[in-house]
Amino acid sequence: MPASLDLDPIFSGDWPPEISDMEQGFAGALNVYRTMAHHPALLRAWSDLRAHIVTRSALGPALLEVVILRTGFRLGSEYEWSHHVLRGREAGLSDARIAALRGDPGEMDDADACLARAVDELFDGSQLSDATSREVVDLVGRPGLLDLMATVGFYSTLGFILNTAQTPLDAAAARALDAAPLADTTTS
């Protein structure tokens, strides 16, 4: 990234005063939001959608992480992938299940395959087929279908920001992954 586009994460000494109330919450906790703090109005507007997707999604914690991990993989966002390996584990996903999300949906369990195909369709054609939409609705309901699409859009936007800004992985996440890297689930 050219030096003139300095989008390094903003920390306490330089935190924008117009969002000072957000620094001690989610916005000051992760480099992705510290990067977004370069645009205080965007970060403030982002807050409500983030709260819905992260805490109130009809997908539930485990399936939400499946969607985010597949999205992070499709974006080539090492930041999102790494953070959500950790969050996926917290949501009960095994390392084998997480690793499978980088591969062929035909090698995943039925629910993960359904969601991975949906993410792939959104990336590849910007819409879901009728068959995939019905399959997702059968799995997670209509609110889940809409939350899936919103989640892919939300995390795609974050991935675009992260990849463009080359935002570094947060130190705590890097330490956690160094201590417990994603298990190699391939066999020789």
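Values in this document were obtained by computation on a predicted structure and should not be read as measured data.
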Do [X] side-chain atoms and [Y] backbone N/O form a donor-acceptor pair below 3.5 Å?
X    : Y    : value
D104 : G106 : yes
R97  : D109 : no
T157 : G153 : yes
E121 : S129 : yes
Y79  : T167 : no
N31  : P168 : yes

For residues [X] and [Y], report the shortest heavy-atom separation together with the two atoms involved.
X    : Y    : value
L75  : G159 : CD1-CA, 3.9 Å
A116 : P105 : CB-CG, 4.1 Å
L7   : A165 : CB-CB, 3.7 Å
A37  : L43  : CA-CD2, 3.9 Å
D95  : A183 : OD2-N, 2.9 Å
L162 : S77  : CD1-OG, 3.9 Å

task: Test L30 against H83 for side-chain contact (heavy atoms from CB on, under 4.5 Å), laying out the working first.
output: CA-CA 10 Å; L30 295 173; H83 270 277; 3.6 Å; yes

- prompt: Just wondering, are more than 12 heavy atoms of other shown residues or ligands nearer than 6.0 Å to CG in D178?
  reply: yes

- prompt: Under 6.0 Å from the CZ atom of R102, do we count more than 12 heavy atoms belonging to anything else shown?
  reply: yes

Less than 4.5 Å apart, side chain to side chain, heavy atoms only: is that true for [X] and [Y]?
X    : Y    : result
F123 : T71  : yes
R89  : L86  : yes
I161 : H39  : no
I53  : Y155 : yes
L69  : I98  : yes
D21  : R44  : yes
L63  : L148 : no

message: Is there a salt bridge (Lys or Arg N to Asp or Glu O under 4.0 Å) between R56 and D147? Walk through the geometry before answering.
response: CA-CA 9 Å; R56 297 186 298 271; D147 277 345; over 6 Å; no

When rounded to the nearest 0.5 angstrom, what is the spacing between [atom1] in [X] and [atom2] in [Y]?
X    : Y    : atom1 : atom2 : value
L139 : C114 : CG    : SG    : 5.0 Å
R134 : L145 : CZ    : CG    : 11.5 Å
R74  : S156 : CZ    : OG    : 10.0 Å
L115 : I68  : CG    : CD1   : 11.5 Å
N163 : E80  : CG    : CD    : 9.0 Å

- request: Show your working on side-chain contact (heavy atoms from CB on, under 4.5 Å) between D120 and R70 and close with a plain yes or no.
  value: CA-CA 8 Å; D120 291 351; R70 186 64 173 196; 2.6 Å; yes

message: Can you pull out every ring pair (Phe, Tyr, Trp, His ring centres under 6.0 Å) where at least one residue sits in residues 9-29? Sequence neighbours excluded, please.
response: F26-Y33

- request: Before giving the answer on side-chain contact (heavy atoms from CB on, under 4.5 Å), spell out for L169 and E78 the whole-Å C-alpha distance, their side-chain angles and the decisive distance to 0.1 Å.
  value: CA-CA 8 Å; L169 186 61; E78 188 60 31; over 6 Å; no

query: Listed by chain and number, what are the salt bridge (Lys or Arg N to Asp or Glu O under 4.0 Å) partners of E135, not counting sequence neighbours?
result: R117

task: Tell me, with the steps shown, if R34 and D8 meet salt bridge (Lys or Arg N to Asp or Glu O under 4.0 Å).
output: CA-CA 8 Å; R34 290 184 194 117; D8 291 342; over 6 Å; no

query: Do W46 and L158 pass the side-chain contact (heavy atoms from CB on, under 4.5 Å) test, and can you show the C-alpha distance, the side-chain angles, and the key distance before you say yes or no?
result: CA-CA 10 Å; W46 198 258; L158 288 180; 3.6 Å; yes

